[in-house]
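Taking it in order: structure first as structure tokens, then the write-up.
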Amino acid sequence: MLTASLSELKNTITDLEKDEKFLANFEKATDVIKKAVLDNKQILIAGNGGSAADAQHFAAELVGRFIKERKSLPAIALTTDTSILTAVGNDYGFDKIFERQVMAHGGKGDIFIGISTSGNSENIINAVKAAKQKEMITICLLGNNGGILTNTSDYSIIIPSNKTPRIQELHTAIIHIICEEIDKLF
């Protein structure tokens, strides 16, 4: 069981290392994030379930620190305020929980990062649309074939797997690699 899962993960990583489109999208998205950090822009991050935990993890690495001691960076996980989530979910619907927060907190040149293993999460799709209205840059960490969000976000980083655990494991690796690149700025 362990060796099968590790082999699956290894094969997915090997596929990514050879995927020119993935590598180019990853590099472009990372460059955009680094520029936003240098311009002191805000980064808003959202996801559902395990991806919500990834959003919180990412924000924590930016606000706190990753490896290198540096200044705190403006990042918010939109998954953490239960009063907002339940009020908006109740009054407007679950599909609006991130959209409303993006409209409240996002500004021109800020970044919205949506995390969705399927690429079809309605609340992430709506948040991307709201971010575009606010003239934000949109980046999505996706799985499978990227789903609807592939063509909706400015930059899509897609893990080509249909297994949620492998997608989430590699989303965590991507988050860490982006944080390593940000650390190099300081």
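Position 1 is the first residue of the sequence; numbering continues from there. Predicted model only: the values in this text are computed from it and were never measured. Side chains included, hydrogens not; waters and symmetry mates left out as well; all remaining heavy atoms used.
- Put simply, CD on Q168 and CD1 on I115 are 9.5 Å apart, with the number rounded to the nearest 0.5 Å.
- In this view, F66 and H176 satisfy the ring pair (Phe, Tyr, Trp, His ring centres under 6.0 Å) rule, not counting sequence neighbours.
- In the hydrophobic clustering of ILVMFWY residues, with side-chain heavy atoms under 4.5 Å counting as a link, I137 and L149 come out apart.
- Remark: Q101 CD to F112 CZ distance equals 9.5 Å, nearest 0.5 Å.
- Residues T138 and S153 have side chains that never bring a donor and an acceptor to within less than 3.5 angstrom of each other.
- Summarising the geometry of F22 relative to I157, their closest heavy-atom pair is CE1-CG2, 3.4 Å, with the distance given to 0.1 Å.
- Atom CZ of R166 has more than 12 heavy atoms from other residues, nucleotides or ligands within 6.0 Å.
- Residues L73 and I139 share a hydrophobic cluster, clusters being chains of Ile/Leu/Val/Met/Phe/Trp/Tyr side chains in contact below 4.5 Å.
- Using modelled atom types, no side-chain atom of D19 and backbone atom of D15 make a donor-acceptor pair closer than 3.5 Å.
- Counting only heavy atoms from C-beta outward, the side chains of P74 and N40 approach each other to under 4.5 Å.
- Follow the hydrophobic side-chain contacts under 4.5 Å out from I182 and you reach I175 in the same cluster.
- L16 is listed as a side-chain neighbour of P160, based on a closest heavy-atom distance under 4.5 Å.
- Through side-chain heavy atoms spaced under 4.5 Å, either directly or across other Ile, Leu, Val, Met, Phe, Trp or Tyr residues, L6 is tied to L2.
- The heavy-atom pair separating Q42 from D110 by the smallest distance is N-OD1, 2.9 Å.
- Using modelled atom types and a 3.5 Å distance limit, the side chains of Q56 and T79 yield a donor-acceptor pair.
- Side-chain contact between E61 and H57 is present, with at least one heavy-atom pair separated by less than 4.5 Å.
- Side-chain contact between N48 and F94 is present, with at least one heavy-atom pair separated by less than 4.5 Å.
- With respect to D39 and K35, a salt bridge is recorded, a charged nitrogen being found less than 4.0 Å from a carboxylate O.
- Using a 4.5 Å heavy-atom cutoff, the side chains of L170 and L9 are in contact.
- A salt bridge does not link E99 to K129: none of the charged nitrogens lies less than 4.0 Å from a carboxylate oxygen.
- One finds the CD atom of Q133 at 10.5 Å from the CD atom of E135 (value rounded to the nearest 0.5 Å).
- Within the 4.5 Å cutoff, the side chain of E17 has no heavy atoms near those of the L23 side chain.
- T150 approaches N145 most closely through the heavy-atom pair OG1-O, 3.4 Å.
- When all heavy atoms of I159 and I167 are compared, the closest pair comes out as CG2-CA, 4.0 Å.
- Proximity of a side-chain donor or acceptor of D95 to a complementary backbone N or O of N126 within less than 3.5 Å is not detected.
- Under the 4.5 Å side-chain contact rule for hydrophobic residues, L78 and I33 do not share a cluster.
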Evaluate K132 against D154 for side-chain contact (heavy atoms from CB on, under 4.5 Å), listing each step before the verdict. CA-CA 9 Å; K132 288 181 178 277; D154 296 319; 2.8 Å; yes

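- Separating the CD1 atom in I111 from the CD1 atom in I113 is a distance of 6.0 Å, to the nearest 0.5 Å.
- The 12-atom threshold is exceeded at NZ of K68, counting heavy atoms of other residues, nucleotides or ligands nearer than 6.0 Å.
- Of all the heavy atoms in I45 and A59, the pair that sits closest is CD1-N, 3.7 Å.
- Side-chain contact between E8 and S161 is absent, with no heavy atoms from C-beta onward closer than 4.5 Å.
- If you chain together hydrophobic residues whose side chains sit under 4.5 Å apart, Y92 and M103 never meet in one group.
- Atom CG of D183 is separated from atom CD of E180 by 8.0 Å, given to the nearest 0.5 angstrom.
- Closest approach of N123 to I97, counting heavy atoms only: ND2-CD1, 3.8 Å.
- More than 12 non-hydrogen atoms from other residues, nucleotides or ligands lie less than 6.0 angstrom from NZ of K34.
- To the nearest 0.5 angstrom, Y155 atom OH is 15.0 Å from L142 atom CG.
- Side-chain atoms of R70 come within 3.5 Å of backbone atoms of L62 as a donor-acceptor pair (strictly under, hydrogens ignored).
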Do F98 and I125 pass the side-chain contact (heavy atoms from CB on, under 4.5 Å) test, and can you show the C-alpha distance, the side-chain angles, and the key distance before you say yes or no? CA-CA 9 Å; F98 302 132; I125 294 166; over 6 Å; no

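- Considering only heavy atoms from C-beta on, M136 stays 4.5 Å or farther from K108 through its side chain.
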